Every structure is written in C-alpha cells, then in structure tokens.
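Written out below as structure tokens is the structure these notes cover.
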2 protein chains.
Amino acid sequence: MAKTRLQDVADVAGVSMKTVSNVVRGYEHVSEKTRLRVQQAIDDLAYRPNASGRSLATGRSGMLALVFSDVSIPYYSELAHLISELASDRGYRLLLEQTSGTLEGERAVVSAAEGGLVDGVIFQPSLLSSAEIAQHRGDVPFVLLGEGPAPLSVDHVMIDNIAAAAAATSHLARLGRRRIAFLGHELGSQTQTSKVRLIGYQNGLEQAGLPLDLSLLIASRSVNAGESAQAVREALDHGLEFDAIVCRDDLAAFGALRALQERGLRVPEDVAVTGWDDVAMAALVHPSLSSIRPDTRTLATWALDMLEERIDGYDGIGRHRVADFELVLRESAPAVS
Amino acid sequence: MAKTRLQDVADVAGVSMKTVSNVVRGYEHVSEKTRLRVQQAIDDLAYRPNASGRSLATGRSGMLALVFSDVSIPYYSELAHLISELASDRGYRLLLEQTSGTLEGERAVVSAAEGGLVDGVIFQPSLLSSAEIAQHRGDVPFVLLGEGPAPLSVDHVMIDNIAAAAAATSHLARLGRRRIAFLGHELGSQTQTSKVRLIGYQNGLEQAGLPLDLSLLIASRSVNAGESAQAVREALDHGLEFDAIVCRDDLAAFGALRALQERGLRVPEDVAVTGWDDVAMAALVHPSLSSIRPDTRTLATWALDMLEERIDGYDGIGRHRVADFELVLRESAPAVS
DNA sequence: CTGAAAGCGCTTACAG
DNA sequence: CTGAAAGCGCTTACAG
C-alpha cells in the first residue's frame, strides 16, 4: 500500500488539506469538532507527515550540522551530547559530520555540495585557514567553535586559551614546581590549538618568573594519548628532568599519567600534571586529573543562539564571544595548601 | 538574491532542466559539449542542488538515523565514529538521536512523528520491550543493535554476551582466582545487557567449578564509572573479600581500578579485573585493562548491509546475526603464564 | 473558521 | 542525446 498523504487524511475526514495541515501543526483556530474528526482520521490512517515535503514548502529542514574531526574523541563526544540535547530543546535534530581532521574533510564542509539539507552549521575547524572559511557554503548560517582562525564575517565562540594555559602553568608554579614541561603539541606544524596553548604556557612561566626552556616542550608524533605517553617515555629515557607537565589536552595527560606511573614516578609528588577539557574520565583516573574546564554549556548555548538569529534573518558581521573556563583542581595537581 | 535553482542553470546554459539534472547527477549519456556548457553555468551561478527537492522526488533522503542512549558514553561515541565512516562510504549521512536511556525517549524513536526524514534506522535499545519495538515507525527500514530483546520481524546484530562473560570469568579462574566478583549491574531492575552478562558470569563460574556466591554481585546505583567505584568502596568497607572482578563494562572497570588503587590494593596481584567493550581508554589507564572486544566493525557492516537490503526493497522476516568477540588481555588480568 | 490553487525544487517516465 | 510535463507531499497567501 502506498504511504498515506495529507490528501488521504483530508478525504477521510471530509475537509481540505489546509485544515489537516492546521491540525497537524497545532494551529489553534480550528473548531474542536473538526480537530477531533481530523485527528481520528490521522490515527486511523497512521498518517506521518513527510519531512521532505514540509522542508521544500517551508524552506527549513529543522536540522543542524555538527562538524568536527572525530566523534570518538571524548571532548567531541561530550560536546555532541550536550549540543544534541540543547538543539533538541529548540526543535532541531543534529546531523553529525566528521572531517577526520583532514584538510579535504574540512574543505568539503565549507563548500558543501548540497543546499537545503540543514538550516545551520556548527563547525569546529582544526586546520582550515580563515580565508577559506570565509567563503563558506553558500548562504547557510554558520558558527565556528574553538580557537582556530575565525574570519570577521562569521560568528565564533571560544574560551581564552592563552589565559587558561597561563592559569594552569601559574598554578603549577605556585605548587613550587620549577621545571614545568608542556606536552602534546604536534611534532611538525602546529594546529592553532597547540599554538595558543603554548603561548599561554610561556606567559604563565613569565608571570612566575621561570625561564622558558625549549627542551621542556615535549611534542607528540600524533595528538593522542598513546603517542603522548610514548613521548614522555622517550623524554625520560633521554634524562629530561621535570617536576610538572602542562598537557595540551586530557588525552595527552592520560598518556602522561600512564608513562609516569610505568616508571614509578609519583603524581603529583614527583611530577604534577594538568589536563585540558575536563572530560568525564578526568575525575575517574588514578590519580584524578586537574584540568581546564571550558564552560561548554555557555559555549553551546551561544553558538545555538547566534545560529538561530542568523536562521531568522540576521545578516550582520560576525560576532565573536569568549566563554569562561575554570581550572578544576584534583589529585594530579592539587590546590596549594 | 534568491537561491539559484535547476531552472536558472537550464536557462543560462540554454538547455532543459532534464539535461542539467543529468549533468548534476553524473549521468553519462550527455554530449561533452553540453556537459561543459552546463557545468560552466553551474559554476557561474554557484548552483547547489536542493536536498529537499531531490528527496521529495526520489523518495530517499540519503540519511540514516543512529539511535542510542547517550553519545558521550565511550562505547557509543566509538561506535558512532565507526558507523559514520562506514555509512559515509556508502553515501549516507548520519542523524544522531539520543534517548537518554529513558523509556519515553526510546518510544519516541519507534513511533517517530515524521516520515521521509531518514531512509533507515540503526537503533540500540536499552529498555524497550520486544513487542513495542515490533511496531516500529511506519515502514522505515530498521536494524537493532545489542543484546536487547529483538522481535522476530526485525533485523538484529549482536555478539554472544553469555559466551563472552563466561570467557572473562573462566580466564580469571585460570589465573587462580577463586572469589570472582561481578560489578556494575543495576541495583534495581536489570537491563537486558546486565542480565545476559550475569548469566554468562554464572556459566563461567560453573565451568570453573566455582560456587556462585550472591554476596559477590556488586550492584551499582547507576550504570557509570563513578557509582561503580563507589560500590566497590562500600563493598570493601563491608569487608567483602574478592580476588577478581568481572565488570559489566569498561566504565565500571575504570571505577573499580580507581577504588582499588585508592585502598592500596594492587591490580592484578591482589585483584584482577576485566572490562567490556575495549574502549580506547582501556589500553591507556594504569594498569591497562583486559577487556571483551566486540567485533564492532563486523557488527556495523552487517547492520548497514541489512539496512541497505531493506531500503532496496527486501521485505522478509528479521535476520539475526551474531558477530565475534575477543578477550583482549592486558595488565589488569594478564595471560596465564 | 475553511477551501481551492499555486508553488517549493527536484526527478522521471514519456516522447521525440 | 534532449525536451515538455507531471508529480513527489507539503505550506501559504488569497478568497470566502
């Protein structure tokens, strides 16, 4: 049997399509009697409105795209969870797009081949240049997340990465640490994320009156926990001495904890460690991880606010907003006593 | 300016809409000369086909829904990553739906209010009964994941949870453990997942000739790492003695590792631990976690295969397929020496 | 409060 | 190989 359409319901209920449509969309000015008869027909026929038909007629799909490199990375999966819930509260569904952190993947997002699929895009770029982002896909509302380059024309939310990295570094200095390493940036060319966090680390050292020692910058062959652990092992093998590590992100920190414990070094007694993102596991590992916690709820709320404004027609220049962060202190780098 | 449509391109190129459509969709029987002229017009006008128009005309959206409780749970985020990639290879995009693990959330999935939005649904239910699932949303192709109840009418892929739990338990017994606990099932009514894993645990004990001791069943107020850690702390406080733990999932295992280390118990010397899912963190914690690794790639591939067959018109009874698993041995419960 | 009709932007037999 | 026309299933002014 063919799918039931609006017209079928109208026929059965003995009204026009317009009236059925009014009932379906909950329009209020329908007489109670008519509404009941129509609802009965809808139930009898198990009618389900067709989303494509509606989208085509209204010009809206009720969907937002959420784009980042890889949803299996804890920070992104937790962000996806949050944004999915908040978007759902506003009546939007979420389309998940992964770029694999490649330039081609990110370009595909920006120059999307199809229109009308989503009403807006939330995009956390890793590699793309500001100039390329500026020519984003046609006229779809766009909002950028993260510390990457944001063209002036596009809305953007972030936290102050430099201040956050400096806060972590300063905290370790206040704990009396004098040889504070930085772990987890790329071995080759740096992502914007690594760059700004390294700058903040340097600022933190300066504020504490500590010298910058380039040998304390422990790069990772790849931005993940396994390679970060390996980088720490190799640093220890080469006799590098340090009493604290500021990690680029929690994954790097988990790698560091693992490598330090393998070598019998105590955290935080021998080496204090801070992470970044405050993913759920940070509180669960042993020792638990001190970490920079970005205010992701505010981040996500602002992103959705701005996106909805654009969807509703706002066409001004890009807004750039900075959300708060907090350094959450746990066992790996406890509060100063 | 209004969005450019197929007709606009046709006008500029001086051909019919049909011809433009052929070029856009890569239909081969178009003369080279015409194709070039049309492509030029497409580029000049920055034409983007409208997805809703296409969906309405073809009856397909090119989207699949992926549904489970919460994408921030590592197993699900890793599964979403994998399925997203595999679906993308087949030309599908992924719509993410979270149920929050609530009955209402799962019911909403099954009785979806809209049609035509997705071509198929991949759904891992937690709570819904088989009978309710059987009346799934209209005529949308459906495939079920996991050890939940699957009605005969619906396609379903899973691993043999009973065998897997028995394998973990047997392994601990072969390590010489005699008081093997089970951790992480619900305090109240059990999910199907917990039920089958508990049965497998019991089978494993039997195979090893060990008695079932109900006091060794350590339930958790909530299925997550934090509550599992708390449950272990309380068990230790009450003087419960055990030398191994089979955990319901990796999160419970991470909780167990944390609680045991807090109390100065050595893993695996004092207590050996196995997890379930083999999420990325399992290899990164210290000590690293032995874990049941379901063959998720096969699971996902089969799910997509069956879904595509249904999308292509297959209308037979449900297929039920069982993928492999493997017990990955790491430090927390190493190979028998 | 309700109806008849046009239109959203595509694809697809059907002709030629 | 290409064109003219109908149709996919909705919504929305416009009338009444």
Side-chain angles (χ1 to χ4, degrees), chain A residues 1-39 41-42 45-63 113-119 138-140, chain B residues 1-39 41-42 45-63 113-119 138-140:
Chain A
M1 75 209 158
K3 288 218 62 85
T4 52
R5 299 152 304 145
L6 200 58
Q7 183 63 65
D8 302 326
V9 177
D11 291 346
V12 169
V15 298
S16 75
M17 287 172 62
K18 162 75 170 165
T19 302
V20 180
S21 177
N22 282 339
V23 172
V24 168
R25 289 174 303 125
Y27 184 65
E28 39 190 31
H29 298 297
V30 181
S31 74
E32 194 54 24
K33 202 177 126 200
T34 309
R35 177 190 308 284
L36 254 56
R37 200 165 33 155
V38 170
Q39 190 56 53
I42 289 174
L45 297 172
Y47 169 68
R48 299 267 176 279
N50 179 291
S52 302
R54 175 177 295 184
S55 297
L56 190 53
T58 61
R60 295 202 179 173
S61 68
M63 292 196 294
E114 282 190 321
L117 187 63
V118 294
D119 297 336
D139 306 311
V140 186
Chain B
M1 78 213 154
K3 287 218 64 81
T4 51
R5 299 151 303 144
L6 200 58
Q7 183 63 66
D8 302 325
V9 178
D11 291 346
V12 169
V15 298
S16 76
M17 286 172 62
K18 162 75 169 164
T19 302
V20 179
S21 177
N22 282 340
V23 172
V24 168
R25 288 174 303 124
Y27 183 65
E28 39 189 31
H29 298 297
V30 181
S31 73
E32 194 53 24
K33 199 178 130 203
T34 309
R35 177 190 308 284
L36 253 57
R37 200 166 34 156
V38 171
Q39 190 57 53
I42 289 175
L45 298 172
Y47 170 67
R48 300 268 174 278
N50 179 291
S52 302
R54 175 178 295 184
S55 297
L56 190 53
T58 61
R60 295 201 179 175
S61 67
M63 291 196 294
E114 282 190 321
L117 187 62
V118 295
D119 297 337
D139 305 310
V140 185

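Here is the naming used below: chain letters follow the sequence lines, and residue numbers restart at 1 for every chain. This one's a predicted model, so the numbers in the text were calculated from it and none came from an experiment.
Side chain to side chain, B/Ser31 and B/Thr34 meet the donor-acceptor criterion of an N or O pair below 3.5 Å. A donor and an acceptor atom, one from each side chain of B/Arg25 and B/Ser21, are located under 3.5 Å apart.
You'll find that the side chain of A/Ser31 is closest to C/dC1, out of C/dC1, C/dG3, D/dG3.
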* In sequence, state the C-alpha distance, the side-chain angles, and the governing distance for A/Gln39 and A/Leu36, and then conclude on side-chain contact (heavy atoms from CB on, under 4.5 Å). => CA-CA 5 Å; A/Gln39 190 56 53; A/Leu36 254 56; 5.7 Å; no
* To do: With side-chain contact (heavy atoms from CB on, under 4.5 Å) as the test, would you mind laying out the steps for A/Val38 and A/Asn22 before giving the verdict?
  => CA-CA 10 Å; A/Val38 170; A/Asn22 282 339; over 6 Å; no
* Show your working on side-chain contact (heavy atoms from CB on, under 4.5 Å) between A/Arg54 and B/Leu56 and close with a plain yes or no. => CA-CA 9 Å; A/Arg54 175 177 295 184; B/Leu56 190 53; over 6 Å; no
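Spacing between C/dT2 and C/dA6 at atom P, rounded to whole Å, works out to 23 Å.
Taking side-chain N and O atoms only, B/Thr34 has a distance below 4.0 Å to OP1 or OP2 of D/dT2.
Heavy-atom minimum distance, A/Tyr47 versus A/Val24: CE2-CG2, 4.0 Å. When all heavy atoms of B/Leu117 and A/Met63 are compared, the pair lying nearest together is CD1-SD, 4.3 Å. In this structure, B/Ser52 and A/Gly116 approach most closely via the heavy-atom pair OG-O, 3.6 Å.
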* Base-pairing string, 5' to 3', of DNA chain D - Watson-Crick or wobble, under 3.5 Å, | interstrand -> |||.||||||||.|||
* To do: Give the B/S/- string for nucleotides 6-13 of chain C, one per nucleotide from 5' to 3', where a protein heavy atom under 4.0 Å of the base yields B, of only the sugar-phosphate yields S, and otherwise -.
  => -BBBBBBB
